[in-house]
Amino acid sequence: MKKAINTTNAPAAIGPYSQAILSNNTLYISGQIPINPLSGKLVESGIEEETKQCMENLKAILTEAKMTFEQVVKATIFIKDMSQFSRINDVYSQFFEGIIPPARETVEVSELPKNVNIEISMIAVK
């Protein structure tokens, strides 16, 4: 069983993919970049705000699937500059306060869609 999860509270897919796929009790969320879903514009005011927008987009998709960050078991963060790692962590960790954070890897890459500085994907289980 495979069901697409889509919400207008997160940016629309910019390619041939779904915002998320729910398969049985597992939600696979596509990588989210710092696009404000209301304006459709990139957030480019610093890595903290960019990270926050990615996390808000992920939260909107989780909400649409009737899930929360508490159910996230895996996250992947792609960044263009590893020197921003601690600043990203400061924002990211706020979304997991009081709950067990998921397993995660953070990878520095040379380029991301729309030339953004960060992209985050997640897997959650009901």
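Given the structure is predicted, the values throughout are model-derived calculations rather than measurements.
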Colleague: Can you list everything that forms a side-chain hydrogen bond (donor to acceptor under 3.5 Å, both in side chains) with Thr106? Sequence neighbours excluded, please.
Modeller: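 Once residues adjacent in sequence are excluded, the partners of Thr106 under the side-chain hydrogen bond (donor to acceptor under 3.5 Å, both in side chains) criterion are Arg104.
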Colleague: Starting from Met122, can I reach Ile14 by hopping between I/L/V/M/F/W/Y residues whose side chains sit under 4.5 Å apart?
Modeller: no
Colleague: Can you name the residues that form a side chain to side chain contact (heavy atoms under 4.5 Å, CB included) with Glu70, not counting sequence neighbours?
Modeller: Thr68, Ile99
Colleague: Linking I/L/V/M/F/W/Y whenever any side-chain heavy atoms sit under 4.5 Å apart, do Val116 and Ile29 land together?
Modeller: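 Val116 and Ile29: separate clusters.
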Colleague: Quick test of your reading: applying ring-ring contact (aromatic ring centres under 6.0 Å, His included), list the pairs with at least one residue in residues 27-52, sequence neighbours left out, ordered by first then second residue.
Modeller: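 For residues 27-52, and leaving out neighbouring residues, there are no ring-ring contact (aromatic ring centres under 6.0 Å, His included) pairs at all.
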Colleague: So, using side-chain hydrogen bond (donor to acceptor under 3.5 Å, both in side chains) as the criterion, who are the partners of Asn24 when residues are at least two apart?
Modeller: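 Asn24 satisfies side-chain hydrogen bond (donor to acceptor under 3.5 Å, both in side chains) with no residue once adjacent residues are dropped.
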Colleague: Report yes or no: does Ser121 contribute a side-chain atom to a donor-acceptor pair with the main-chain N or O of Ser30 at less than 3.5 Å?
Modeller: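 A pair under 3.5 Å: no.
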Colleague: For the residue pair Ser45 and Glu50, what are the closest heavy atoms and their distance?
Modeller: N-OE2, 4.1 Å
Colleague: Just wondering, are more than 12 heavy atoms of other shown residues or ligands nearer than 6.0 Å to NZ in Lys126?
Modeller: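 Check passes, neighbour count above 12.
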Colleague: Could you tell me which residues satisfy ring-ring contact (aromatic ring centres under 6.0 Å, His included) with Phe85, sequence neighbours excluded, listed by chain and number?
Modeller: none
Colleague: Go through the structure and list residues passing salt bridge (charged side-chain N to carboxylate O under 4.0 Å, His left out) with Glu48, not counting sequence neighbours.
Modeller: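 By the salt bridge (charged side-chain N to carboxylate O under 4.0 Å, His left out) rule, Glu48 matches Arg87.
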Colleague: Mind checking what makes side-chain hydrogen bond (donor to acceptor under 3.5 Å, both in side chains) contact with Gln32, not counting sequence neighbours?
Modeller: none
Colleague: Is it true that Val91 and Ile47 fall in one hydrophobic cluster, defined by side-chain heavy atoms closer than 4.5 Å?
Modeller: yes
Colleague: Any side-chain heavy atom of Glu119 within less than 4.5 Å of one from Pro113?
Modeller: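 SC-SC contact between Glu119 and Pro113 confirmed.
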Colleague: Going by the rule side chain to side chain contact (heavy atoms under 4.5 Å, CB included), which residues pair with Lys74 if we only count those two or more places apart in sequence or in a different chain?
Modeller: Thr76, Ala103, Glu105, Ile123
Colleague: About how many Å separate CG of Leu27 and CG of Leu22, when rounded to the nearest 0.5 Å?
Modeller: 6.0 Å
Colleague: How many angstroms lie between CG in Asn117 and CG in Leu112, if you round to the nearest 0.5 Å?
Modeller: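 So the gap between those two atoms works out to 8.0 Å.
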Colleague: For the atom pair CD1 (Ile118) and NZ (Lys52), what is the distance rounded to the nearest 0.5 Å?
Modeller: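 Here the interatomic distance stands at 14.0 Å.
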Colleague: Considering only heavy atoms from C-beta outward, does the side chain of Gln19 approach that of Asn6 to under 4.5 Å?
Modeller: yes
Colleague: According to side chain to side chain contact (heavy atoms under 4.5 Å, CB included), who are the partners of Ser93, at least two apart in sequence or on a separate chain?
Modeller: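 Partners of Ser93 by the side chain to side chain contact (heavy atoms under 4.5 Å, CB included) criterion come out as none, since no residue qualifies.
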Colleague: Ignoring hydrogens, what is the shortest heavy-atom contact between Lys80 and Ser110? Give both atom names and the distance.
Modeller: CE-O, 4.1 Å
Colleague: Considering residues at least two apart in sequence or located in another chain, which fulfil the side chain to side chain contact (heavy atoms under 4.5 Å, CB included) criterion with Asp81?
Modeller: Ser83, Gln84, Glu108
Colleague: In Å and rounded to the nearest 0.5 Å, what is the CD1 to OG1 distance from Ile120 to Thr51?
Modeller: 5.5 Å
Colleague: Can you list everything that forms a ring-ring contact (aromatic ring centres under 6.0 Å, His included) with Phe69? Sequence neighbours excluded, please.
Modeller: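 Once residues adjacent in sequence are excluded, the partners of Phe69 under the ring-ring contact (aromatic ring centres under 6.0 Å, His included) criterion are Phe95, Phe96.
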Colleague: Pairs under 3.5 angstrom only: tabulate donor-acceptor contacts from the side chains of residues 53-66 to other protein residues two or more places apart or in another chain.
Modeller:
residue, atom, partner, partner atom, Å
Gln53, NE2, Asn57, OD1, 2.9
Asn57, ND2, Ile33, O, 3.1
Asn57, ND2, Ile35, O, 3.1
Asn57, ND2, Gln53, O, 3.3
Thr63, OG1, Lys59, O, 2.9

Colleague: Report yes or no: do Ile88 and Met82 belong to one cluster of Ile/Leu/Val/Met/Phe/Trp/Tyr joined by side chain heavy-atom distances under 4.5 Å?
Modeller: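 Ile88 clusters together with Met82.
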